[in-house]
Every structure is written in C-alpha cells, then in structure tokens.
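Order of the sequence lines sets the chain letters (A, B, ...), proteins ahead of strands, with each chain counted from 1.
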There are 2 protein chains.
Amino acid sequence: MSNSKRSYGQFCGVSRALDVVGERWTLLVVRELIMGPRRYKDLADTLSGIGTNLLAARLRDLEAQGLIGRRKLPPPAGSTVYELTAFGRELEPIVFALGRWGRKLLAPELGDQIFNGRWLLFALKANFIAAQARGVREIYELRIGDEATVHAEVRDGNLEVREGPAEEPDLVVDAPLEVLLALTRGETTPAKERKAGRLVQQGSREAFERFWTIFDGAGLPRGASSSAVARA
Amino acid sequence: MSNSKRSYGQFCGVSRALDVVGERWTLLVVRELIMGPRRYKDLADTLSGIGTNLLAARLRDLEAQGLIGRRKLPPPAGSTVYELTAFGRELEPIVFALGRWGRKLLAPELGDQIFNGRWLLFALKANFIAAQARGVREIYELRIGDEATVHAEVRDGNLEVREGPAEEPDLVVDAPLEVLLALTRGETTPAKERKAGRLVQQGSREAFERFWTIFDGAGLPRGASSSAVARA
DNA sequence: CGGAATCCTCTTCGATACTG
DNA sequence: CAGTATCGAAGAGGATTCCG
C-alpha cells in the first residue's frame, strides 16, 4: 500500500510535479518508457537495485496518476507492457533536459556503473539538435565496442533511433565508451583516437562532422547543451 | 552525516542528474534560489515541513556539488545567504518546465495548501513566452486578494519580476487565486468574473489580452504550455 | 517464467529539542 | 539566526515466496 501519498502541500506547479514524479526511481521508470513500451521484467532488469515491490508500487502510482498505461500484447506474446500516456509523454522534454544537464556529471570512465544500449538511444534523442539536422538525410551507426550497437536515422530535422546495426549506414563509428566521452568533452580529437586505433570510422569526414554537430558533440562550446533548453 | 551519497550507479545523464538533485526537497530548494539569494531562515520558513536538519544537509550537499554558494552579506546585514552558482542556474529551464508541467496538477482551490507571492513570481517567469512579448513594453501588476502583490515588467522579449506593487503599471489585475486559475483553464471568462465582482482590472482590454498571451494564459490551447519546452 | 506480495533490515525523513 | 542532536516513523533495498 503506497497510498500514503506524501505531498509537499504547496500550491506551486513544481511541487505538484514533484509530488507525482519526485520520488526515488519514478523519473527513471519514465526514462525507460520514453524508449518505448516495456514489460515488468525488462524494467526490473534495467533498473537494477529497484526492488520488485518498489517497482510495482511505482508502476501502480504512475498508472493511477494517468502517466502510464498497461496493455496486453496480442497472442502469442500475451505479455503485459507498460507505456507512457500522452500526459506522461509530456515529461519527455524534461527528462531529456535532465539528461543533458547530467552529462557534465558523468564520470570519465564507466567504472562499476551499469550501462546499456537503450541509454545510448536515449542520449541520442536527448542531444539531438533538430535545427542542425535541417537538410540532412543520413544514417549513423554507433558501436560501443561490443557492449552496444545502435543507429540513428536523420531525415531533415527528424530523428529515429533503433537498437542494432543499420542496413545502409552512411557512417559507422566504433569506439569504447571512454573514447566517445573524451571526444564529446573535447579532451581528444578524432584524428588522435583513430591513429591510436581506439576509434574506427567508416564514412566520409563530412558525415562524421555532421554527426557531432547534430548530436551536440564536441563541436559545441562547453555547456551549450544544457543552456539550450528553452521555450519555443 | 549525509555522505553516504546513494547513487543509482547507472551510466546515464538522467540518473546522474537525479543522484544530485533527485532527493526529496532538493529541487524545491533550487526553485527558491531561482528567485534570488535567500537566508537559511527564509528557506526553512517557505519550505514548511522540511525539518531543519534536512535543510542543512541539502544545502551542504548542494554546495559540495557546486550548485549553490554561500555568501556573507556586507554589514550591517551580515547574514549569510545561499545563492545558485552558474552551474546551478543551468537547472532553471528544467525547474521552469517542471512547473509548467505541474500546472495541470494544481488543485482548483487552494484548500489547505500553502502559497506565497514568490511562487507567483516564479510562475510568471516559468510561463513567460518571450516570442509573444516581442515589441511589448508594459508593466503588469498582479494582486491575489491580499495574499500577494507582484508585478512584471516586460521589455521587448525580456522579463523582470518583483514583489510588491508597481510604480506605474499599465495594467492591474486583482482577483482571488481560484478565479485566476479558472481563467487560465478557460473555465470562465474575464467578462463574467468582472461582472461577478471577483475580478478587478485597471487598464486597457488590449493590455489584458497581451498579458494572458505573454504569460501563457487562457488564450492558448490546453496543454500547449508543457509541450512548448523544446530545444532551441 | 513474468508479475508481483511478504518479510526483514537498513537508511532517510520529519518533528522537536537543544546550542553557538 | 543558523544550525546540530536525537529519536520515532516512514520509505528503500534485498531475498524469498507465491500465483497464473
């Protein structure tokens, strides 16, 4: 029973929002669902450490608040999946912005933190700059060693990301996570990393440069990413 | 000792951000400081229910993370104030967006919730649409019964908000909180409320309409406010 | 096997009291 | 005024068990 519904009791949009999504794990559940519907088990696996009871409670509360819905997949799958409602999806820009802000807090190395390919998809979506993608029609494939392979399809300001390799990528970038991070921070250069054999790149130099620009990479001044969250 | 620093242990910007600002009360402390520097006592008073030890812990952690700084005011005041650092200020758009999203969750009546004029200032800042304010140079004064009086100075896409009455307002709007809310929701009209004596307005009808448009009032379709958080 | 409820321990929160 | 100290209550985390 998580019906205690502790509230800040303040008449303010921020505190009301935090009454609903401010508890531990809640926004991470939302983050997972931004990448598409997921089963209970998927969430429990990815959100390692959440504890099965707490996940159940969060899902129940989110559903009660109208942020997520549960749907039964048609046979033969037949499993239940959770997905964001339209109202829940309105949190997307907020979660994206949190992700961009949190970029600066990422450790330079993976260390003992967990990581998975879907978070890379999320990062691509969160750091996508539509204005930079105008007129571009390319497919970028990203490989983090053998931990993850994803690809992003850019079509004139629109973005679609998927797990797995692309069929006809215009660019393939393959590098360990640490190298990619150092690049986004401007602490190293592609040329240097290529020479050291830590970065393998298939495709034109121009496509590579577009990739970094479109996804708010090293090309932009430090901090430009998080201050770019603005109202239309 | 709040040095346990529980972390989600995920290599993802969102979870890193929540490691830092995801704990209870933390973003509300940030919200308070967005309106300017505040003393410990001010924060403790406004964030009713936080408990003094927890406030101290949050301030300590936020300072350690570089989000806020503490400064000693020059004599004769001599008191210590907390204020956002540049890094902390980068959370502004996120907190604004949370506030806009949370607007839909506000109860129709104040009830037993607490309220203060500074949150009205915050709401004005959060719902300000710069694009709508282009070419406008006006001062709006807002009175919520006798609970709060604030004013907003719009200068061609720029906004400054202050507590208290304005010196030469172009528009004065005086109404109970519930009426103002019903208006923003489109559940009533200014004409109706004026007739019922619940809304007193000094200034031209045009200024009044600009006010609503600039601050994302009833004029916009439902939901337009929260979906308007986008990347530049 | 996916989707939980239960139990138990540990940490955090909230309220009050107390101190420089 | 600006905190620290204390302590009961609530929430989180982990393991195990239960149900379909």
Side-chain angles (χ1 to χ4, degrees), chain A residues 1-10 15 18-29 32-33 37-64 68-83 114, chain B residues 1-10 15 18-29 32-33 37-64 68-83 114:
Chain A
M1 192 76 53
S2 67
N3 270 347
S4 52
K5 272 293 110 210
R6 181 164 57 164
S7 163
Y8 289 109
Q10 300 178 357
S15 41
L18 292 175
D19 281 341
V20 175
V21 298
E23 286 177 290
R24 194 160 166 77
W25 294 108
T26 304
L27 277 178
L28 295 186
V29 172
E32 291 306 312
L33 297 181
R38 310 227 69 192
R39 292 171 305 173
Y40 185 93
K41 182 64 155 49
D42 301 328
L43 294 169
D45 288 349
T46 309
L47 300 174
S48 133
I50 191 179
T52 168
N53 55 342
L54 201 48
L55 175 56
R58 293 290 181 267
L59 289 171
R60 205 183 315 118
D61 290 352
L62 283 171
E63 191 179 10
I68 68 174
R70 88 177 63 195
R71 185 165 50 95
K72 201 131 192 154
L73 290 183
S79 49
T80 310
V81 292
Y82 296 87
E83 59 190 348
I114 58 176
Chain B
M1 193 75 52
S2 67
N3 272 346
S4 51
K5 272 293 111 210
R6 181 164 55 165
S7 162
Y8 288 108
Q10 301 178 357
S15 41
L18 292 175
D19 281 342
V20 174
V21 298
E23 285 177 291
R24 195 161 164 75
W25 293 108
T26 304
L27 277 179
L28 295 185
V29 171
E32 290 306 312
L33 297 181
R38 310 225 68 190
R39 292 171 306 173
Y40 186 93
K41 181 66 155 49
D42 301 327
L43 294 169
D45 289 350
T46 309
L47 301 174
S48 136
I50 190 178
T52 168
N53 56 340
L54 202 47
L55 175 56
R58 292 291 181 267
L59 289 171
R60 204 183 317 116
D61 290 351
L62 283 172
E63 191 178 10
I68 68 174
R70 90 177 60 196
R71 185 165 49 95
K72 200 132 193 152
L73 291 183
S79 49
T80 309
V81 291
Y82 296 88
E83 59 190 349
I114 58 175

Closest listed nucleotide, where the reference is the side chain of B/Lys41 and the choices are D/dC1, D/dG13, C/dA5: D/dC1
OP1, OP2 of D/dG3 versus side-chain N and O of B/Tyr82: anything below 4.0 Å? yes
Only pairs at least two apart or in different chains count here, so list each salt bridge (charged side-chain N to carboxylate O under 4.0 Å, His left out) that has a residue in residues 42-57 of chain B. B/Arg39-B/Asp42, B/Lys41-B/Asp45
Could you encode protein contacts along nucleotides 15-20 of chain D as a string, one character per nucleotide from 5' to 3', using B for base contact, S for sugar-phosphate-only contact and - for no contact, with a heavy-atom cut-off of under 4.0 Å? BB----
Between C/dC13, D/dT4, C/dA4, which nucleotide has the shortest distance from any of its atoms to the side chain of B/Tyr40? D/dT4
How many angstroms lie between atom CG of B/Leu43 and atom CD1 of B/Ile50, to the nearest 0.5 angstrom? 8.0 Å
Distance check, rounded to the nearest 0.5 Å: B/Leu59 atom CG versus B/Glu63 atom CD? 8.5 Å
Are side-chain heavy atoms of A/Leu55 and A/Val29 found at a separation under 4.5 Å? yes
For B/Arg60 and D/dT4, is the shortest distance between a side-chain N/O and OP1 or OP2 below 4.0 Å? yes
With sequence neighbours excluded, tell me which residues meet ring-ring contact (aromatic ring centres under 6.0 Å, His included) with B/Tyr40. none
With a 4.0 Å limit, can you tell me whether A/Arg6 has a side-chain N or O closer than that to the phosphate oxygens OP1/OP2 of C/dG14? yes
Tell me every residue that passes ring-ring contact (aromatic ring centres under 6.0 Å, His included) with B/Tyr82, counting only those two or more places apart in sequence or in another chain. none
To the nearest Å, give me how far apart CG (B/Asp42) and P (D/dG3) are. 12 Å
Compare side-chain N and O positions of A/Arg70 against OP1 and OP2 of C/dA4 and report whether any pair is under 4.0 Å apart. yes
Atom-to-atom span, CG of B/Leu55 to C1' of D/dA5 - whole angstrom: 16 Å
Check side-chain contact (heavy atoms from CB on, under 4.5 Å) between B/Leu73 and all other residues, then give those that pass, not counting sequence neighbours. B/Arg71, B/Ala77, B/Ser79, B/Val81
Taking the minimum atom-to-atom distance to the side chain of B/Arg24, which one of C/dG3, D/dG3, C/dG14 wins? C/dG14
For B/Leu47, does its backbone N or O pair with a side-chain atom of A/Tyr8 as donor and acceptor, under 3.5 Å? no
For DNA chain C, which ranges pair as stems of 3 or more consecutive Watson-Crick or G-U pairs, with both donor-acceptor distances under 3.5 Å? C:1-19 with D:2-20
Taking only the side-chain nitrogens and oxygens of B/Arg38, find out if one of them lies under 4.0 Å from OP1 or OP2 of D/dA2. no
If you look at every heavy atom in A/Arg24 and A/Arg58, which pair is closest and at what distance? O-NE, 2.8 Å
Separation of D/dG13 atom P from A/Trp25 atom CH2, nearest Å, is 6 Å
Atom-pair distance (CG on B/Leu54; C1' on C/dT16), nearest Å: 15 Å
Between C/dC13 atom P and B/Leu28 atom CG, what is the distance in whole Å? 13 Å
Atom-to-atom span, CZ of B/Arg58 to C1' of D/dA2 - whole angstrom: 18 Å
With rounding to the nearest 0.5 Å, note down the distance linking CG in A/Leu54 to CD in A/Glu23. 8.5 Å
Can you identify which nucleotide, out of D/dA2, D/dT4, D/dG11, has its nearest atom closest to the B/Ala56 side chain? D/dT4
Rounded to whole Å, the CG-C1' distance (A/Asp19 to C/dC13) equals 15 Å
Rounding to a whole Å, what distance do you find between B/Asp45:CG and D/dA2:C1'? 12 Å
